[in-house]
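These notes concern the structure reproduced below.
Remember, predicted model here, so these are calculated numbers, not experimental data.
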Amino acid sequence: MPHRPDVLELLTDAHAEAERLAAAYEATRDPERRAALAQELVAGLERHALAEGRALHPVVRRVLPDGDRLVAAARRRWAVASATAQELSAAEPCSVAAERRLDALLGQLREHAAREEGEVFPALRVRLRRRERRELGATAARCLRATYAG
């Protein structure tokens, strides 16, 4: 039987992928490559937010005592990170503005991942059975594979 990752595994992997894309952006000075990486990062963040909104946030609200607060805070942080990602995508790829946006975005992404992986995910592992996490993982996987028309 193929491995069916649970929602927490998938979202942790998505955090690592965002980190990888940001590191690749930092590592190149090729403007075309940077522009492509910025677009890939923005699209990945949009898919990640969709996956969280459909698979993670409803269950956080349902099973964690402070779930409403956690989801509201995550959505506020997402709005800031989304705006930063759009600014990065719009900036001249090798400019000081792009470097600043990337630094800001990396900080926002790391804060997001640390909060989820350190606070939310451990609590969900205790409260959700593996089967439910896998079912939620299937929903998250569909969102993470989604494509956007623009």
Exercise. Which residues satisfy the side-chain contact (heavy atoms from CB on, under 4.5 Å) test with Glu116, sequence neighbours excluded?
Worked result: His15, His48, Glu52, Leu56, His112, Phe121

Exercise. Hey, does Val7 have a side-chain heavy atom less than 4.5 Å from the side chain of Arg134?
Worked result: no

Problem set entry | Hphob cluster co-occupancy, Leu50 + Val71, side-chain heavy atoms under 4.5 angstrom | no

Exercise. Can Val120 be reached from Leu109 by stepping across I, L, V, M, F, W or Y side chains whose heavy atoms are under 4.5 Å apart?
Worked result: no

Exercise. Between the main-chain N or O of Leu128 and the side-chain N or O of Arg133, is there a donor-acceptor pair closer than 3.5 Å?
Worked result: yes

Exercise. Looking at Leu88 and Ala98, what are the two nearest heavy atoms and their distance?
Worked result: CD1-O, 3.5 Å

For this session: Check Ala38 against Ser89 and note the closest heavy-atom contact, atom names and distance.
Result: CB-CA, 4.0 Å

Exercise. With a 4.5 Å limit on heavy-atom distance, are the side chains of Leu41 and Leu37 in contact?
Worked result: no

Exercise. Hey, any chance Leu11 and Leu45 share a hydrophobic cluster, counting ILVMFWY side chains that come within less than 4.5 Å of each other, even indirectly?
Worked result: no

For this session: Start with the C-alpha distance between Glu19 and Arg110, add both sets of side-chain angles, then the distance that settles side chain to side chain contact (heavy atoms under 4.5 Å, CB included), and finish with yes or no.
Result: CA-CA 8 Å; Glu19 208 43 74; Arg110 287 175 179 148; 2.6 Å; yes

Problem set entry | salt bridge (Lys or Arg N to Asp or Glu O under 4.0 Å), paired with Arg101, selected from Glu92, Glu87, Glu26 | Glu87

Exercise. Could you go step by step and tell me if Asp103 and Arg100 meet the salt bridge (charged side-chain N to carboxylate O under 4.0 Å, His left out) rule?
Worked result: CA-CA 5 Å; Asp103 288 344; Arg100 287 186 181 140; over 6 Å; no

For this session: Applying side chain to side chain donor-acceptor pair (under 3.5 Å), name anything that partners Glu119, two or more places apart in sequence or on another chain.
Result: none

For this session: Would you please name every residue forming a side chain to side chain donor-acceptor pair (under 3.5 Å) with Arg129, sequence neighbours left out?
Result: none

For this session: Flag yes if Leu124 and Leu144 sit in one hydrophobic cluster, no otherwise; membership is Ile, Leu, Val, Met, Phe, Trp, Tyr, and two members link when side-chain heavy atoms are under 4.5 Å apart.
Result: no

Problem set entry | Crowding at CZ, Arg54 (>12 non-hydrogen neighbours, <6.0 Å) | no

Problem set entry | Of all pairs that satisfy salt bridge (charged side-chain N to carboxylate O under 4.0 Å, His left out), the ones with a partner from residues 30-43, not counting sequence neighbours | Arg34-Glu99

Seminar exercise, completed: Ala140 and Ala51 have their tightest heavy-atom pair at O-CB, 3.9 Å

Problem set entry | Shortest non-hydrogen contact between His57 and Gly53, atoms and distance | ND1-CA, 3.8 Å

Problem set entry | Those residues that, when tested against Arg130, pass salt bridge (Lys or Arg N to Asp or Glu O under 4.0 Å) (two or more places apart) | Asp6, Glu9

Problem set entry | Contact check, side chains of Glu132 and Val59, non-hydrogen atoms, under 4.5 Å | yes

For this session: Kindly check if the number of other-residue, nucleotide or ligand heavy atoms within 6.0 Å of CZ (Arg131) is above 12?
Result: no

Going by atom type alone, with no hydrogens or angles, which donor-acceptor pairs under 3.5 Å involve a side-chain atom of residues 75-86 and a protein atom two or more places apart or on another chain?
residue	atom	partner	partner atom	Å
Thr84	OG1	Val80	O	3.0
Thr84	OG1	Gln108	OE1	3.1
Thr84	OG1	Gln108	NE2	3.1

Exercise. Can you hop from Val42 to Leu105 via hydrophobic side chains spaced under 4.5 Å?
Worked result: no

Exercise. Considering all heavy atoms of both residues, which atom of Pro122 and which atom of Glu117 are nearest to each other, and what is their separation?
Worked result: CD-O, 3.3 Å

